Enquirer: 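What follows is a single structure, and I will ask about it in a moment.
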Amino acid sequence: MEKYRANLLMCAGTGCVASGTPKVRAAIEEELIKKGLENEIKIVLTGCNGFCAEGPVMLVYPEEIFYQKLTVAEVPKLVEEHFLKGRPYEKLMFKDIEKRHAIPLMNDIPFFKHQVLRVLRNKGLIDPDSIDEYIARDGYMAAAKALTEMSPEDIIKAIKDAGVRGRGGAGFPTGLKWEFASKSVADQKYMLCNGDEGDPGAFMDRSVMEADPHSVIEGMIIGAKAIGSSKGVIYVRAEYPLAVQRLQNAIDDCRERGLLGNDILGSGFSFDLEIYLGAGAFVCGEETALMRSIEGQRGMPRPRPPFPAHKGLWDKPSVLNNVETLAQIAPTILNGPEWYRQLGTEKSAGSKVFALTGDIRNVGLVEVPMGTPLKTIIYDIGGGMKNKKKKFKSVQMGGPSGGCIPEELIDIPVTYEDVVKTGAIMGSGGMVVMDEDTCMVSTAKFFLEFTADESCGKCTPCRVGTRVMLDMLTDITEGRGREGDIETLQDLSNDIIATSLCGLGQTAPNPILSTIRYFKDEYEAHIHQKWCKTGICSDLCSFEISEDVCTGCGACARACPQGAIVGEKKKPHSIIQDLCIQCRSCYDRCAFQSIKIGPAKEKDKTAVAVKDQEE
Amino acid sequence: MLQEIDRVIQQYKGKPGSSIPVLQRCQEIVGYLPPEIQKIVARGLKTSAAEIHSVVSFYSFFTMKPRGDHNIRICLGTACYVKRVEEVLSKIKDNLKIDVGEVTEDKKFSIETVRCLGACGLAPVMVIDEETYGAMTPKKVPEVLAEYS
Amino acid sequence: MAKLTIDDLKKIKEKQKATFTLREGGSRAKITVHMGTCGIAAGARTIMTALIDEITKAGVEDVITTTSGCAGLCAREPMITVELLNKAPVKYGDLTEEKIREIFSEHVLKGNPVEKYALVVGSETTY
Amino acid sequence: MLKLIINDKNITAEEGETILQAALKNNIYIPNLCYDKRLRPYGGCRLCVVEVEGQARLFAACSSPAQDGMNIKTDTPKLRKYRQTVLELLLIHHPLDCPVCDKAGECDLQDLAYEYGKPDSRFIRHRKASPPDVRGPLIELTANRCILCGKCVRICRDHQGRGALGLIGRGFPTVVQPAFGEILECDYCGQCVDICPTGAILSKTFKFKARSWFLEEKETTCPFCGCGCTLTLGLREGNILRSRGKEGIGVSDGNLCGRGRFGIDYINSEHRLKNPLIRENETFREVTWEEALSHISSNLKETINTNGAASVGAIGSQRCTNEDNYVLQKFMRNTIGSGSIDSSAALGYAKVQKAWNMAFGRNSHPIDLQSPYGKEILFIVESDISVTHPIFGLNILEASRGGAQLIVADSRETKLTRHSSTWLPIEDGTGVALMNGMMKVLIDKDLIKKDSAAGLKGFAELQAMLEEYTPAKVSQITGISEEDITAAAVALGTAKSRMIALSVSATENTKGMDIALAAANLTILLGEDPSTLQIPAEYSNTYGLYHSGVRPLKPEDKGIMEILYGDQTAFSALYIMGEDPVTTFPDSSKILKRLKSLDFLVVQDIFMTETAKLANVVLPASSWGEKDGTFTNAEGKVQKVFKVVDPAGDSKPDWMIIKNLALTMEKELGVRSLEDIQAEMKESQPTVTDEETTLTFNPAKYVRGEEPSQEFPFQLVIRDVLQHSGVTSTSSKSLDLVISEALLEINEEDAKKQGVKDNSHVKVTSQHGSIFLKAKVSEEVPQGTVFVPSHFPYAKINTLTHLASNGESPISVVKIEATLGK
């Protein structure tokens with residue numbers, strides 16, 4: 001084997017690839033050859049590093065220097081400085097905004113510093129297409145242990161003792177799920193993996209499948225042994241081509257090495273699995289719907305009971321685990337339940353991966369111990385608001401099934417129990433941070449649009465109910481809200497939650513209920529005063545310039561597409577209301593926060609029409 | 001093309017639950033799934049055309065309309081929503097003068113919206129063919145589209 | 001390819017150890033080659049190549065090699081710094097291929113600094 | 001047995017029953033819109049939610065299993081509110097067009113809205129954009145009324161095995177439609193009409209005919225096939241307006257096929273005979289009953305006087321009641337003095353009967369419609385049971401869905417082959433060879449019940465005969481690979497329980513009695529008792545006809561071969577009741593010749609049939625719906641039919657006409673009423689339930705029919721058509737809308753070779769004649785074989801066929817020529 005003195009671990013996750021990894025990689029390769037370093041320095045493409053917003057990112061070993069926002073133009077300089085002369089190249093390092101200095105080491109960057117990597121243990125550290133590199137990191141040792149030294153009961157006990165809970169949403173104890181299926185008697189059982197990550201704003205499963213596909217496969221082998229299954233299916237969204245490719249490659253390698261197939265590792269246990277591509281239906285994240293989809297039917301959920309542990313795929317006992325859950329299995333088996341419980345709380349043990357997105361500075365994937373305060377995640381890891389001038393308003397957790405947690409609850413520790421109390425849910429771990437410019441009614445409407453669109457249509461409350469609620473929210477955001485709408489929405493929400501067939505319908509009203517709970521004033525303002533104070537609902541606002549703040553810089557006037565802003569240079573400007581179309585451009589543009597948003601005003605609509613015609 | 005489809009059907013024939021993979025392959029081959037193709041699949045898999053059509057119509061991945069040479073997929077996930085992907089979308093619609101689900105007159109572009117692409121870190125995101133464009137703004141729309149014309 | 005056994009897993013892991021020592025840390029020895037313009041001009045590249053060659057030959061997995069800029073003593077280039085775990089770093093100067101091979105086997109492998117080539121004991125960090 | 005409490009009432013339930021099933025069984029109604037006992041629980045409408053003590057969540061009664069000790073409340077204020085909301089949501093887009101909806105008055109949604117609904121809705125103007133309605137014959141779907149319970153889609157796909165309707169789209173915009181919104185093409189069974197809980201799917205024939213509350217409903221037995229389903233007829237002002245199935249009633253338990261649901265309007269046909277007719281030269285003259293009967297009386301008397309009573313023959317009917325047939329044969333034997341009476345069953349069912357008797361030593365062989373259930377393997381030989389006996393077919397499909405392995409040997413693709421686990425696409429008419437081959441495999445592999453089989457009469461002969469049926473040879477004959485033959489045999493041999501089924505039609509094309517014997521041999525070889533072999537009697541009263549004495553009973557009695565095909569003109573007069581030999585019997589030219597040669601022909605029927613046109617006297621009989629009586633279904637179950645409407649014109653029940661004729665002939669039958677007849681029948685017919693079984697092997701060799709030749713390259717196979725049964729159904733206006741003429745089904749490749757286009761006319765020629773038919777190019781039929789139905793009188797299919805002297809009707813070979821133009 002060739003020896004390299006340095007490894008460049010370039011992130012080849014979807015995010016970084018989209019930001020230019022392939023081009024940068026080619027440039028580095030070329031430059032290394034130019035400098036004669038190609039035999040000393042090895043480039044490894046890894047899965048998602050997690051710090052997606054800073055991509056393309058690269059980690060240089062052995063020094064552990066973290067480079068971000070790489071560009072082709074900077075490559076010659078980088079290679080010359082760092083790899084030839086050994087002077088880490090400060091220009092491409094992460095900068096701490098407050099202190100204005102570069103942070104060379106990855107683990108000194110706050111985004112990484114507060115994380116503990118279990119699920120993401122191999123992220124950015126191994127080549128996901130190399131089974132050897134996975135094995136080097138203790139890969140398949142847990143499977144070896146489970147297959148040769150442990151009985152199904154031992155495995156189930158270990159997982160139960162560890163307190164592993166499903167990371168897909170509801171947090172059902174994984175060991176218990178396995179136990180049910182293990183006890184079912186059948187000629188065939190199925191071990192299934194849910195890679196149909198659907199919550200908008202969550203991408204940890206994609207990341208794991210891309211960065212560490214073997215960890216999922218190993219988890220499935222162990223689970224298969226626990227329940228007595230010889231066949232597995234990984235159901236992956238077709239929208240994740242890279243994940244599919246990496247998984248397929250990993251499966252092929254496993255088959256070739258005998259880690260899948262008959263008599264794995266000489267243990268006498270046989271298990272094989274295949275990938276099944278989802279075809280784009282959010283509801284297929286629901287386990288019974290996913291099974292219907294694998295059966296080639298419309299992905300419509302089935303009533304439970306019978307539970308999948310008794311009658312699942314093809315009416316055979318089946319276990320469906322989420323990607324993140326499965327990725328935790330191997331280290332837990334290898335290190336034991338106690339190790340697992342070192343992190344987290346009594347009821348929510350271990351760590352959890354979150355996808356931080358929205359109006360936050362450090363967008364990306366983070367893994368923290370359960371029980372970490374929300375505040376730590378948002379401010380210490382996430383770096384606070386992207387726009388420092390804007391205040392934090394709310395964080396949405398749990399996607400369309402979840403809710404919005406307001407600022408006053410930001411100190412809660414993130415555990416299944418504590419999050420549920422707020423009206424949100426842990427969900428798969430999407431955290432969408434919203435600043436004060438976010439209209440909460442519109443946010444609720446966004447989620448309802450999603451659920452109404454993704455409702456399979458099988459049960460009445462979800463099919464019609466989500467549509468009715470969406471219509472009501474649309475009315476409210478467009479100025480047709482009526483007295484009593486809030487109460488009707490709450491009432492209907494409760495009925496839908498109680499009567500819907502599956503989790504989609506049972507949770508679809510959550511975004512409405514939680515926004516009403518914490519931001520009722522916004523609903524009231526929308527309905528009664530016809531006022532959206534964020535200016536997002538263009539029918540419910542008007543913009544005005546406060547003369548005492550305006551510096552007359554003219555930026556707003558230049559931004560206005562209607563030419564509705566007038567004023568002399570260096571003197572306060574004003575907005576011609578009849579022309580204003582409430583596009584919010586001036587508000588976004590003003591550096592002095594001199595634009596104020598007020599309730600909708602009566603205006604002569606012909607003015608805009610006339611103006612449009614002139615153009 | 002029909003031979004290729006026949007090969008796909010033969011490959012999956014008799015394998016339970018194969019309608020979705022077969023349809024996916026057919027869509028790759030033909031580009032979309034017109035009724036004639038669905039009928040061939042139904043016959044080949046010993047099921048009814050209504051059953052196949054109901055499956056096709058359920059999943060957003062399947063389309064019964066031909067796409068443009070370049071298919072633009074706009075992510076409508078939460079992160080993209082929060083980052084106002086709507087504005088990017090409407091700019092694209094304005095630019096191409098078509099609505100979501102339509103094809104431009106010259107058959108060059110079609111627009112689709114998709115649920116989360118899982119590239120939230122780059123929000124707002126759009127994908128043209130296989131290429132992902134992150135941190136989109138309405139301003140960037142014309143230059144990105146120009147790459148394809 | 002033949003089916004893996006548990007022993008094979010362990011072998012693969014061993015084989016990959018060097019790579020992961022590099023990535024995960026845990027190295028016993030770190031050799032820094034000073035690669036400023038001066039160093040390169042004086043032949044630091046040859047030194048680096050020889051060093052990697054020696055490491056490969058010896059089959060050691062816990063030694064990592066890195067580079068740094070000019071150490072400030074341009075006249076004594078090519079130079080390296082050898083740091084063994086929990087020991088003070090030692091700087092060597094005026095190196096040649098033969099010297100570096102000797103230093104490697106004596107100091108890095110056996111733990112005995114080669115005093116005849118040593119310039120300084122104790123040094124600044126690499127950056 | 002589980003004990004639970006529902007609404008403070010202690011009830012019991014079976015293990016595996018759902019809460020809803022347990023409740024309904026105990027007369028506790030829980031609202032539901034998407035439940036049907038024939039379908040898997042769906043859990044869609046959410047109206048059946050109930051509260052279970054100690055459980056926070058609600059339980060959907062339709063899908064939650066009843067558990068011991070459950071304390072359930074089905075009607076609490078909380079539940080009422082939830083149901084109110086669900087209904088409110090459903091009614092947002094369901095048009096309130098009850099005044100013009102045929103479902104009103106018996107609409108589940110309407111009833112529930114009345115029970116739970118509030119007059120006002122909190123939601124306004126959220127109506128679904130009107131999706132297009134579904135078009136097609138007989139069945140109409142008004143999309144806006146649909147509440148997406150999915151029952152129609154599921155009954156069509158999961159129960160009927162058809163899948164003509166699909167849920168198209170997702171979520172709120174979902175609609176129920178045939179694929180791509182095309183015209184509905186299906187079995188037209190109409191099960192979707194019955195199952196729809198709203199007015200979304202309606203029968204077109206019933207549309208705007210009557211408000212449901214004006215309908216009077218009466219149960220009777222279906223006049224078509226041997227299943228003997230119970231029809232619930234909707235009547236108003238003396239007219240049958242519709243027919244539907246009702247759960248829990250009769251052998252069909254709510255299921256009906258298209259014939260029973262739509263086909264009974266044949267009784268309203270304008271071609272019904274209304275008055276007795278006497279031929280005068282080339283035309284008929286309407287006469288009174290007195291004149292007709294005395295005309296017949298004197299003619300028959302004269303024939304008897306001149307040629308002897310034995311020169312008078314009669315043909316009974318598989319569609320007439322037991323009473324009609326009994327009286328006819330009694331009339332023949334007592335009044336005329338001739339035992340020469342037979343029926344079309346002689347060409348089919350009687351052969352099965354004979355085989356049955358030879359193999360099992362029994363005189364009667366009732367089938368059991370439930371027999372497919374609980375069997376590990378179902379083996380169907382050359383029989384399209386879903387077409388001949390749709391309800392029996394449904395049970396086979398359901399059993400196979402329940403896990404039974406279904407092996408179907410058939411030359412063409414059928415619903416059963418589509419749903420089979422193994423389809424053996426054999427050459428038509430080679431079922432005997434296949435079964436012989438399978439028996440050989442079973443013997444060679446020692447999979448037979450040796451101890452019981454070897455000692456039976458005929459075993460040695462069977463074994464000797466089977467010697468030549470090696471898999472290789474059988475493969476050559478049947479076109480099925482040796483492996484498949486062996487695999488099928490082994491599957492059958494190793495199964496723990498089995499059913500072997502064929503329809504009578506399988507006996508009609510060459511195979512005759514032999515296929516029944518072969519199947520019986522197979523059954524006995526496997527050590528099974530006769531109930532394993534299921535060969536259902538064909539028509540509504542085939543079984544009863546056979547047992548009421550309409551067949552030769554004494555050696556001197558002549559049967560159908562002599563009556564219609566015999567070469568000597570032994571018969572001078574014939575009395576035909578409810579049969580149309582010219583159309584439905586093979587070799588129609590021969591029959592025409594025979595009938596024309598008679599001195600005197602009486603035809604008693606409900607229509608002016610092709611046969612009636614040749615008669616000297618035509619008597620108008622009352623149809624099935626216009627008289628009381630009984631049918632005996634294929635299970636041997638005697639079921640009543642009722643007079644539900646007034647007889648057409650001056651028509652009379654068959655038995656009454658004959659009774660009157662006997663009276664006119666001054667030889668009273670001794671029966672004056674139905675009760676008399678029934679009492680007498682009971683006495684004369686011994687009960688057949690506890691017959692002894694004597695097993696015998698009857699080796700049956702495979703005999704090749706006519707070989708296709710260069711001149712006649714195609715095999716012609718007569719097959720039944722789902723929407724028709726015999727010829728009566730062709731007079732149904734409703735069914736006429738679906739299939740109105742005989743279509744020649746021909747394989748795509750063959751059609752190409754012959755230059756035949758779909759829907760174009762072809763000339764079909766056999767050695768016996770030629771006819772013109774419309775061609776239907778089909779992927780379902782194999783190359784080298786064409787299929788035709790015999791139902792349609794105008795098609796004159798039997799011009800092409802012939803009858804061998806042994807009573808078998810060999811496969812005909814034909815040539816197909818495309819005709820010019822259309």
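Quick note on labels: first sequence line is chain A, next is B, and so on, each numbered from 1. Everything quoted here is computed from the prediction, not taken from an experiment.
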Enquirer: Is it the case that atom NZ in A/Lys91 sees more than 12 heavy atoms from other parts of the structure closer than 6.0 Å?
Expert: no
Enquirer: Is there a side-chain contact between A/Ile135 and C/Leu4 in this structure, where contact means two heavy atoms from C-beta onward sitting under 4.5 Å apart?
Expert: yes
Enquirer: Please find the pair of heavy atoms, one from A/Pro62 and one from C/Thr65, that lie closest to each other, and give the distance.
Expert: CG-O, 3.9 Å
Enquirer: Are there more than 12 heavy atoms of other residues, nucleotides or ligands under 6.0 Å from atom NZ of C/Lys99?
Expert: yes
Enquirer: Any chance you could measure C/Leu9, atom CG, to A/Met141, atom CE, to the nearest 0.5 Å?
Expert: 6.0 Å
Enquirer: Distance from C/Gln16 atom CD to A/Ile126 atom CD1, nearest 0.5 Å?
Expert: 10.0 Å
Enquirer: Taking every non-hydrogen pair under 4.5 Å, which of A/Lys145, A/Lys42, A/Glu64, A/Arg137 racks up the most with chain C?
Expert: A/Arg137
Enquirer: Of the backbone (N, CA, C, O) and the side chain (C-beta and beyond), which part of A/Glu133 lies under 4.5 Å from a heavy atom of chain C, both, or neither?
Expert: both
Enquirer: Which region of A/Leu259, side chain (C-beta onward) or backbone (N, CA, C, O), has a non-hydrogen atom less than 4.5 Å from a non-hydrogen atom of chain C, or is it both or neither?
Expert: side chain
Enquirer: Would you give the length of the straight line joining atom CD1 of C/Ile6 to atom CG of A/Leu265, rounded to the nearest 0.5 angstrom?
Expert: 5.5 Å
Enquirer: Rounded to the nearest 0.5 Å, what separation is found between the CG atom of A/Asp132 and the NZ atom of C/Lys11?
Expert: 13.5 Å
Enquirer: To the nearest 0.5 Å, what is the distance between CZ (A/Arg257) and OG1 (C/Thr5)?
Expert: 11.5 Å
Enquirer: Please classify the contact of A/Val44 with chain C as side chain, backbone, both or neither, using a heavy-atom distance under 4.5 Å.
Expert: side chain
Enquirer: Heavy-atom cut-off 4.5 Å, strictly under: side chain, backbone, both or neither for A/Tyr134 against chain C?
Expert: neither
Enquirer: Let me see the working for A/Asp138 and C/Lys13 under salt bridge (charged side-chain N to carboxylate O under 4.0 Å, His left out), right down to the final yes or no.
Expert: CA-CA 7 Å; A/Asp138 287 333; C/Lys13 194 179 165 187; 2.4 Å; yes
Enquirer: When heavy-atom pairs shorter than 4.5 Å are enumerated against chain C, which of A/Thr148, A/Leu9, A/Ile131, A/Leu147 gives the highest number?
Expert: A/Leu9
Enquirer: Take a 6.0 Å sphere around CD of A/Glu81 and say whether it holds more than 12 heavy atoms from other residues, nucleotides or ligands.
Expert: yes
Enquirer: Taking atom CD of A/Glu63 and atom NZ of C/Lys30, what is their separation to the nearest 0.5 Å?
Expert: 7.0 Å
